[in-house]
Amino acid sequence: MNIIPKPKKAIEKSGRFTLSASTGYYMDTAFAAQAPFLNSLIGKSLQTPPAACAQNDAAVKFLKDETLPEDGYRLSVAANAITAYAADRGGILYAMQTLRQLFDADLHTGVESLTAPCCEIEDAPRYKWRGMMLDSSRHFWDVAAVKRYLDLMFRNKINVFHWHLTDDQGWRIEIKKYPLLTEIGSKRKDTEIHGWKSLDMEGKPYGGFYTQEEVREIVRYADARNIMVVPEIDMPAHFAAAMAAYNWLGCREIPCEVHWFFGGFVPKHMNWPDWNRSACAGKETTYEFVFNVLDEMAELFPAPYFHIGGDEAPKDEWKKCPECQKRMADNGLKNVDELQGYFNNRVAEHLKKKGKRLIVWNEALKANNLDKSVIGQYWTPQRDRYAEKYVNGGGEMILSKHQAFYFDMYYAQYPLTNTYKFEPAKVGVKEEAQNRILGVEGELWTEFIGEQEKLELNTHPRMEALAEVAWTPKEKRDFKDFMARMHHEEKALEKLGVNYAVDEVAIPKGLISRLRTERMFYTCDQHVEMRRNREYRAKQSE
Ligand code: ACM
Ligand code: ZN
């Protein structure tokens, strides 16, 4: 059975169920709001979709069973009847999604009937946090593109959309109290292309932002698919777009520009020594600004979490700033790391009043004074003993290790197995701390991804691999078995017009040696595993 992510327990039986226009279905009243999904996921493939009917007449039933776990479901497909049970909305939607794959609904259009193999499935996720991040700052993805991304997340039973809305290269959400954030902060004069430090420029200005009405629409769309939207406003660093709009947010009130280059590198000839700065953590006006922004956003995003980044924050300016120094002295803060801890704690405290917990990237965990309610997100490629200490010492964590979950990287550098074979123990999380791992999340940074095709190429089949890490019991995971199911899934992606990286390709002579140059990797559309490259190279030289 070609189900991704692989269910916890699934037994295939002999025989098949046939779905046609004459099949009646019944949906428990508790799931009435989910009923329209049945035809948008499966019925759309039939000339005439099945119709709702009374429970006694229904061959397909969706019923409530309070005893099932969160997002779990039980599904029985017999030759003459289908019964699905779930305790909640997520579970019933996921039962439908599994049926969509069992019927191969996306491979057909306008047919009289579809069939699915008889089976018994008992399914539930391993982790509650099954996330995908999208960077809408470096490149802007319009409402239609975001919805498409959410559709593909739902297809893989992924339930957290981490939305990176601001960075040095653009502020992308309308904040009514601070109109310059979008008037100035959403626009940049140019865009670096061709990879880190290339200094090649696209040669035209870039901009875009979401209105609050559009944000509401996306949050509703996600919610209907059991997806929670967790916004991120990156601070105190990665904050140049905000400081370009309101330069009083910085320690020194000097001019600031929205960045048009990427990757923490500005060549000397640009003569801009002050490009990499953090917001001032001393002035009370910074806190007022942050709280006002969070207050507006809390109205738009009902999720009980809020991400404030906190990564890669330079602190040299804080060491010289009288306001920052006074803040440290007044609060007995021993160093600038603790000043960031103080900043984060104040934000966490403010969010707590709104029923939200703070999430930060792992660098921010270095502060000794950080409130234990803060959730860390471990991304750094290098080992971070502070992050390991945080989770092993009682803190909660989301795992997004660079080598496994940075989907902006090319496959030649991070092969698919890096994602598929990921386990928390690999990044220093002790066995007894593993219940504090909320889950895993894939990161789609978009510095060098500006088109949907490239976005999808980098995302699939990695999103599917991540889904299996997040959902399937560890002992059920097998890469070869996954790839076999993935090759079937590719047919559905093709029908849906979704781009993906392929692995079974004829490698032209000489490609492997050319692949050694980074520029080539960026345009390479294959997840040729490195081991296979080496094998291939050995064969070539025989
Ligand atoms: C990050 O990649 N700086 C979170
Ligand atoms: Zn300062």
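Every number for a ligand or one of its atoms is a count from 1 in the order of the listing. Each residue takes its place number in the sequence, starting with 1.
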Validation row, ring centre F301 to ring centre F306 under 6.0 Å: no
Given that the side chain starts at C-beta and the backbone is N, CA, C, O, which of these parts of E443 lies under 4.0 Å from ligand 1, counting heavy atoms, or is it both or neither? neither
Please confirm whether Y406 comes within less than 3.5 Å of ligand 1 when only nitrogen or oxygen atoms on both sides are compared. yes
If only protein N, O or S atoms under 2.8 Å count, total around the Zn ion (ligand 2): 4
Name of the residue among D167, T166, N276 meeting side-chain hydrogen bond (donor to acceptor under 3.5 Å, both in side chains) with H238: D167
Is the gap between the ring centers of Y287 and H350 under 6.0 Å? no
Under 6.0 Å between ring centres: does that hold for H307 and W163? no
Kindly say whether the aromatic ring centers of H162 and W361 come within a distance under 6.0 Å. yes
Should you measure from each heavy atom of W445, which atoms of ligand 1 turn up under 4.0 Å away? 1 (C), 2 (O), 4 (C)
Please tell me whether F140 and Y210 form a close aromatic pair, meaning their ring centres lie under 6.0 Å apart. yes
So does E253 pair up with K283, basic N to acidic O under 4.0 Å? yes
Determine, using ring centers only, whether F289 and Y178 are less than 6.0 Å apart. yes
Check each atom of ligand 1 against the heavy atoms of D311 and keep those under 4.0 Å away; list them by number with element. 1 (C), 3 (N), 4 (C)
